Amino acid sequence: MPESQPSKPWPQTPVSTDDDAVDSVLDALDPLGAQPVAGHAAVYRELHDALLTELNTEPPAAPPAPGNHLGTAG
C-alpha cells in the first residue's frame, strides 16, 4: 500500500490566465471547498457557461499603431 500523501488545501488557487475577465469567472471556485459536494455540479455548470460566454466575446479592437494608417500613402 502506498503511504498516504499529506492533504493539500482544496480547491487550490488557480494560476492566473492573464485575462482579467476569465480570472474573475474562475473566482467562483474559491468557496467551492466549503460547499456540500451535492452543490458542486451547479457551480461547475454556471462556471462552464460563464467561461463559454467570456471566451466567445470578441476582444476590443486595438488602436492602430502610430504611423500605420489605412488609406494613406507612405
Side-chain angles (χ1 to χ4, degrees):
M1 268 280 150
E3 293 182 33
S4 64
Q5 298 293 322
S7 64
K8 295 179 183 177
W10 187 88
Q12 296 176 13
T13 305
V15 175
S16 173
T17 64
D18 293 327
D19 184 322
D20 292 338
V22 171
D23 289 343
S24 176
V25 172
L26 293 176
D27 285 344
L29 291 173
D30 288 344
L32 196 61
Q35 295 179 4
V37 173
H40 289 194
V43 173
Y44 287 131
R45 271 193 303 275
E46 290 173 19
L47 179 71
H48 175 264
D49 292 345
L51 284 172
L52 274 178
T53 298
E54 187 54 45
L55 294 172
N56 286 320
T57 300
E58 290 293 324
N68 187 12
H69 301 283
L70 296 175
T72 60

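For the single chain, residues carry numbers from 1 onward in sequence order. It should be emphasised that the depicted structure is a prediction, and the values quoted were computed from it without experimental measurement.
- Residues satisfying the side chain to side chain donor-acceptor pair (under 3.5 Å) test with Asp49, not counting sequence neighbours, are none.
- Applying the side chain to side chain donor-acceptor pair (under 3.5 Å) criterion to Thr17, with sequence neighbours excluded, gives Asp23.
- Annotation: side chain to side chain contact (heavy atoms under 4.5 Å, CB included) contacts of Ala50 (sequence neighbours excluded): Val25.
- In summary, of the residues considered (Val37, Leu47, Val43), a side chain to side chain contact (heavy atoms under 4.5 Å, CB included) with Leu32 occurs for Val43 alone.
- Summarising the geometry of Thr57 relative to Thr53, their closest heavy-atom pair is OG1-O, 2.7 Å, with the distance given to 0.1 Å.
- The line from CD of Glu46 to CG of Leu51 is 12.0 Å long, rounded to the nearest 0.5 Å.
- No path of Ile, Leu, Val, Met, Phe, Trp and Tyr side chains, each step under 4.5 Å between heavy atoms, connects Leu29 with Leu52, placing them in separate hydrophobic clusters.
- For His40 against Gln35, the heavy-atom pair with the smallest separation is NE2-O, 3.2 Å.
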